[in-house]
Participant: 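There's a structure below that I have some questions on.
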Amino acid sequence: MHNRMRWLMGATALLYIGPLMAGLGGYGWPLVPVFTLLFLLWHFILRPQTWPRQFHEWTQYQAWATLFSNAAIQLLFVALLFGAGRGIGGALGFVPPYGAILPIAISFLSIPLARMIWDPWQANEMNNFLHEVIRTISHPETTVGEAGLEAARRMIAPLADLPDETQPNVVAQHLVALSAHAEDAHIRSALFERLRDHKANRAETIALILHATDGRLAEIVPGDGPTMALGLLPADPSLIALFAHRLTAALDEDPDLWGKCPSVDYLTELAAKYDNTEAEAPLRELIDATNAAQPEDGLA
């Protein structure tokens, strides 16, 4: 890659040497438009991504604005090189041993040489690849996959149309169907988003409860899903009771889930808050299950 870049720089230097030689030889300013066209041709061939590729795109004013702005920049470069060459030639009293065609030919030669050395489309793909790698390294949270998360958002959308009286077993059937088309981590993230944004209806909230308190999913999906889910639930005793019942059953089956579950102190506060409601007894059962699952040395 480094060798190719050096060769490309050498081939590009020929493009600039042409107008410098023409100015050095004292040739007239009418050659400036010729070199300007060569500079534009070089950009069109070596940087095709910046130009419209379809004929109809040239009917847009943006295409012509790009053309004229590039033409103005290249004209400035050529004029500066011409002026530098004429100044050097005048100071040295230089009489060129070559005709006007030679500088033009040298600049023109730069275009096919540079194109042989450098594939602009391959370079563009490499730049896109490197940009994606850098983005992934800089933002590791996106490695889960934005495309997969977006697909999960679309997949859970039908839950928003379910009525409030939808039973948990019906929601569970929807989750089973979803799992065949989206990653469990993506489904969890999409459901979390709905509750964080306060857009989730009752069916979506039940879906999060079922998903977060599933022992198998709690184990394989990264993060403390049960704890985070409980923190997002609305102040509804029936939903809190459903959460506590299911998480108690999951802990009874797999005590190793203890580390991902809400702390006993937090559960005790909730039990006091929901005193004399249908959530109190399930919460106290969950407290007992959590204490039973907790390692004896108090470490997760």
Side-chain angles (χ1 to χ4, degrees), residues 152-153 156-179 184-185 187-296 298 300:
R153 293 184 185 120
I156 69 169
L159 292 172
D161 298 327
L162 296 177
D164 288 345
E165 59 270 18
T166 302
Q167 295 300 308
N169 63 316
V170 177
V171 177
Q173 293 173 6
H174 281 264
L175 288 177
V176 171
L178 285 176
S179 64
D184 294 319
I187 295 173
R188 175 80 56 82
S189 296
L191 291 170
F192 273 148
E193 285 181 354
R194 293 289 293 176
L195 266 79
R196 287 195 191 100
D197 296 340
H198 305 288
K199 296 179 180 179
N201 66 357
R202 188 176 181 84
E204 291 173 294
T205 305
I206 291 175
L208 178 59
I209 293 173
L210 299 181
H211 203 279
T213 57
D214 184 298
R216 182 186 66 85
L217 296 178
E219 182 178 359
I220 65 175
V221 175
D224 297 338
T227 300
M228 295 175 63
L230 181 58
L232 291 173
L233 294 184
D236 185 324
S238 64
L239 294 175
I240 300 295
L242 175 63
F243 175 91
H245 275 307
R246 285 184 54 83
L247 189 55
T248 298
L251 272 173
D252 289 341
E253 292 182 6
D254 185 2
D256 290 339
L257 295 177
W258 171 83
K260 295 191 173 188
C261 296
S263 67
V264 170
D265 290 340
Y266 181 49
L267 292 173
T268 302
E269 292 178 5
L270 279 182
K273 177 181 177 181
Y274 290 100
D275 186 25
N276 296 322
T277 68
E278 63 179 297
E280 181 185 5
L283 283 170
R284 298 203 179 279
E285 291 175 1
L286 178 56
I287 291 172
D288 293 339
T290 304
N291 282 324
Q294 183 174 350
E296 292 183 1

Participant: Looking only at heavy atoms, which two atoms of Leu286 and Ala244 are closest? And how far apart?
Facilitator: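 Shortest heavy-atom separation between Leu286 and Ala244 comes out as CD2-CA, 4.1 Å.
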Participant: Between atom OG of Ser238 and atom CD1 of Ile206, what is the distance when rounded to the nearest 0.5 Å?
Facilitator: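 Rounded to the nearest 0.5 Å, the OG-CD1 separation comes out at 7.5 Å.
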Participant: Find the distance between CZ (Arg153) and CG (Leu191) and round it off to the nearest 0.5 Å.
Facilitator: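 Interatomic distance, Arg153 CZ to Leu191 CG, rounded to 0.5 Å: 11.5 Å.
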Participant: As an exercise, state the distance from CG of Leu233 to CE of Met228, rounded to the nearest 0.5 Å.
Facilitator: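 Leu233 CG to Met228 CE: 12.0 Å, rounded to 0.5 Å.
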Participant: Should Glu204 and Asn201 be marked as a side-chain contact (heavy atoms from CB on, under 4.5 Å) after you check the CA-CA gap, both sets of side-chain angles, and the distance that decides it?
Facilitator: CA-CA 5 Å; Glu204 291 173 294; Asn201 66 357; 3.2 Å; yes
Participant: Tabulate below the donor-acceptor pairs under 3.5 Å that side-chain atoms of residues 157-175 make, not counting sequence neighbours, or state none.
Facilitator:
from	atom 1	to	atom 2	distance (Å)
Thr166	OG1	Pro163	O	2.7
Gln167	NE2	Glu165	O	3.2

Participant: For the CG atom of Leu230 and the CG atom of Leu239, what is their distance to the nearest 0.5 Å?
Facilitator: 11.0 Å
Participant: Any ion pair linking Lys273 and Glu269 (charged N to carboxylate O, less than 4.0 Å)?
Facilitator: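 So Glu269 does not pair with Lys273 through a salt bridge.
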Participant: Can you run down the side-chain hydrogen bond (donor to acceptor under 3.5 Å, both in side chains) pairs that involve residues 205-228, sequence neighbours left out, and say none if there aren't any?
Facilitator: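 Found Arg188-His211, Thr213-Arg246.
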Participant: So Asp184 and Ser179, do their side chains get closer than 4.5 Å, heavy atoms only?
Facilitator: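 They are in side-chain contact.
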Participant: Show the nearest heavy-atom pair for residues Ala212 and Ala218, with the distance to one decimal.
Facilitator: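 Scanning both residues, the minimum pair turns out to be O-CB, 4.0 Å.
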Participant: On a heavy-atom basis, which atom in Tyr274 and which in Glu280 lie closest, and how many Å separate them?
Facilitator: O-CB, 3.4 Å
Participant: Nearest 0.5 angstrom please: Arg202 CZ to Ile209 CD1, how far?
Facilitator: 8.0 Å
Participant: Can you check whether Ala250's main-chain N or O pairs, donor with acceptor, with Glu253's side chain at less than 3.5 Å?
Facilitator: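 No, the answer is negative, given that no donor and acceptor are paired below the 3.5 Å cut-off.
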Participant: Roughly how far, to the nearest 0.5 Å, is CZ of Arg284 from OG1 of Thr248?
Facilitator: 13.0 Å
Participant: Decide yes or no for Leu247 and Thr290: does some side-chain heavy atom of the first lie under 4.5 Å from some side-chain heavy atom of the second?
Facilitator: no
Participant: How far apart are the closest heavy atoms of Pro226 and Phe243, and which atoms are they?
Facilitator: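 So the minimum-distance heavy-atom pair works out to O-CZ, 3.3 Å.
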Participant: Any chance you could lay out the side-chain contact (heavy atoms from CB on, under 4.5 Å) test for Ile187 and Val221, step after step, and finish with the verdict?
Facilitator: CA-CA 10 Å; Ile187 295 173; Val221 175; over 6 Å; no
Participant: Could you tell me which non-hydrogen atom of Ala200 sits nearest to which non-hydrogen atom of Leu195, and how far apart they are?
Facilitator: CB-CD1, 3.4 Å
